[in-house]
Amino acid sequence: MCGIVGYSGYLLAVPRILNCLSALEYRGYDSSGIAYLNGGKLEVAKRVGKLENLANHLKTKTIPASCAIGHTRWATHGEPSIENAHPHTDENNVIALVHNGILENYTDIKKSLEGKGVTFYSETDTEVFAKFFSWNLFDENPELKEYYAKYYAMHNTVHNTFKISKKRIIKALKHTISMCEGAFAIAILIKGYEDTVFFAKRKSPLILGKCDESFMLASDIPALLGYTNKFYTIDDDELGFIEPDKASVFDVNLKPKKLKFHNVSIAPEQVMLGEYHHFMEKEIEEGAGSVLSTISRIEKIRALEKIPAQIFSGDFNLHISACGTALNAGLIAKYIIENQLRIPVDIDYASEFRYKKPLLNNKSVCLFISQSGETADTISCAELAKSAGATSIAITNVAATRLESITDYLIPTSAGPEIAVASTKAYLAQLAALYDFVTYVAKNKGIPLEFSMDSVKNSVIKNNGVDYSVQIREVAGLIKDYESIYFIGRGIDYFLAVESALKLKEVSYIHCEALPAGELKHGSLALIKQDSIVIALLTQSALIEKMLNNIHEINSRGAKIILFSPFTELKPFVFKFIEVPKVNDSLAPFSVIKPLQILAYKIAVSKNLDPDKPRNLAKSVTVE
């Protein structure tokens, strides 16, 4: 969940680290910190809260360091505090380490180290990582540890430097990670190596970037855009180091890897705000483009044709697994597949999939949806499916991810970098990929559909030209101070209500609940009272009469209904009416979701909240 970055080169390191961390802050913003080597000294700066607090602290300092590591934190072990913020150091301030992930056996390691006299100042598993590595580095020659610390107390200059060999450091790092359980990507500075960042990785993302006269590492590609478009993805249990003119990577057996850096065509402006106030606002407006780009890319690389048609013949069973917004996209796909292809679909939260002992075999086809391709729960599900002999298909928005490496086939989305924590354009891109998948299965089974991919594109273009700003701003002002808001819908509208409620609660901190409209009288109607706000979705022409009955039920309790619908004849029955374009019922997600996303955004802004960085949340959930 956290973000890490490292730089080794000939330019000032600290400004670069801060700039890169700003592009990673969506991964966590509880605290941040930097460690750098300066004239033989290892120095650490940390601050609680958003990155700007650290930047303001450092801007008055002139720091000539050309090698540094940085971290922005989403708290897992220990509250946000200076003590728990990264980087963490060993007892003699010889080593500084930043970490993304979770060290699952840290309590056992910590107890072992405490038994050897090691003391701890924080609640984090990362401090345990730093001190465990330090212990392993000096373990073969314990007196070296004391000498090393005393030497640097006497000789804090880069010109008079005692060094442990890199070979020994790498061996000690390999030994350390071999005894660690969990997911981690780590970057390390060590006194004596003024120009070197050491690293290791398992199950958490880590990439190297090759610049003109430097090398960098980071949790995500967007962090390094503007500096390079040449990247190498570190594999699990690989480790190594970067220097100004060299990157060295070793496999699990410490054999050197031959590095092939790949060009990634992401323009820096894709991760810049431009004329917008927030990334969420920008990304909502980019939603239509993400759909069109996704459809075009899938067609261009013939992604679907690479999936053998025969796996959809005969008695196959289909499973969808994902988390959060990605799961909500999967709910739409399940509805369309069952409704039009008459194929049953099992769908599960990825966090629950493994533990229910799913019925998987070699006739199973599993779809795993993840914007980042690094979602820990979803990856675990993919590993389970693979072990059961199922065919696995990934839908991801990021290239060369761990999910892609595990699964058999890839259906890529093309939303571009999504910086805001609350997903908007990536959700639409996932829907585009899923609808394309449905058309591929239908074609192979000879089943006619109520839509085509051309009609998907047309519906998106049609909706993109509608200006909702005035209507949505008025509605946002009316409901921003409510403590609870209810969403209702029937059929496909209910699943859109689920995603819309999630979006609003994520960024506004208002309790939101999505209810199947037909289930109101079976309990949920007890929540509706005078002046309650109910947001109703009605796009399905076959359900107008049924939905109108539910609207009457709510009106009779004195609640205020805000209806999103193309059916203008219903306007007299509701408190506020937001008209959306009329499209084929199957394509409703592409016509109605944008104004609902705008509503969530406008309410957050009206409450003076930061919609890009909602409290307690991070973009990429790389830990379970």
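Between Ala350 and Cys381, the closest heavy-atom pair is O-SG, 3.2 Å. Across all their heavy atoms, His57 and Ala45 have their closest contact at CD2-CB, 4.1 Å. Taking each heavy atom of Glu83 and His88 in turn, the nearest pair found is O-CE1, 3.2 Å. Pairing each heavy atom of Glu499 with each of Asn328, the nearest pair is OE1-ND2, 2.8 Å. Residues Ala223 and Ala218 approach most closely at CB-CB, 3.9 Å, considering heavy atoms. Across all their heavy atoms, Cys211 and Met216 have their closest contact at SG-SD, 3.7 Å.
Judged by distance alone, with hydrogens and angles left aside, the side-chain atoms of Glu181 form no donor-acceptor pair with the main-chain N or O of Leu103 at under 3.5 Å. No side-chain donor-acceptor contact under 3.5 Å links Asn53 to the backbone of Arg47. In terms of modelled atom types and a separation under 3.5 Å, the side chain of Lys425 and the main chain of Pro417 share a donor-acceptor contact.
The existence of a salt bridge linking Asp237 and Arg202 is confirmed by a sub-4.0 Å separation between a basic side-chain nitrogen and an acidic carboxylate oxygen. A salt bridge links Arg402 with Asp236: the distance from a Lys NZ or Arg NE/NH1/NH2 to an Asp or Glu carboxylate oxygen falls below 4.0 Å. Look at Lys386 and Glu383 and you find no salt bridge, because none of the NZ, NE, NH1 or NH2 atoms lies under 4.0 Å from a carboxylate O.
By the neighbour-count criterion of 12 heavy atoms within 6.0 Å, atom NZ of Lys230 is sparsely surrounded, having that number or fewer from other residues, nucleotides or ligands. Heavy-atom contacts from other residues, nucleotides or ligands closer than 6.0 Å to NE2 of His277 number 12 or fewer. Within 6.0 Å of NZ on Lys607 lie more than 12 heavy atoms contributed by other residues, nucleotides or ligands.
Looking at Ser370 and Thr375, their side chains do bring a donor and an acceptor atom within 3.5 Å of each other. Counted by atom type alone, Asp493 and Thr539 present one or more donor-acceptor pairs between their side chains at under 3.5 Å. Donor-acceptor pairing under 3.5 Å is lacking for the side chains of Ser32 and Lys50. Glu127 and Ser122 form a side-chain donor-acceptor contact under 3.5 Å, judged by distance and modelled atom types alone.
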Evaluation steps, side-chain contact (heavy atoms from CB on, under 4.5 Å), between Asn229 and Leu225: CA-CA 6 Å; Asn229 66 342; Leu225 293 177; 5.5 Å; no
Might you work through the side-chain contact (heavy atoms from CB on, under 4.5 Å) test for His99 and Asp125, ending with a clear yes or no? CA-CA 9 Å; His99 167 217; Asp125 54 343; 3.6 Å; yes
side-chain hydrogen bond (donor to acceptor under 3.5 Å, both in side chains) assessment of Asp377 paired with Ser380: CA-CA 5 Å; Asp377 286 315; Ser380 296; 5.6 Å; no
Stepwise salt bridge (Lys or Arg N to Asp or Glu O under 4.0 Å) check, Lys594 with Glu285: CA-CA 8 Å; Lys594 180 179 178 179; Glu285 293 303 322; 3.3 Å; yes
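By the 30° and 60° cut-offs, the orientation of the rings of Phe215 relative to Phe261 is tilted.
His262 and Phe231 have their aromatic ring centers separated by at least 6.0 angstrom.
Proximity of Ile393 to Leu410: side-chain heavy atoms (C-beta onward) are nowhere separated by under 4.5 Å.
Test Leu403, Thr401, Val398 against Glu374 for side chain to side chain contact (heavy atoms under 4.5 Å, CB included) and you get one pass: Thr401.
A distance of 4.5 Å separates CG of Leu367 from CZ of Phe437, quoted to the nearest 0.5 Å. How far OG of Ser214 is from OH of Tyr227: 9.5 Å, rounded to the nearest 0.5 Å.
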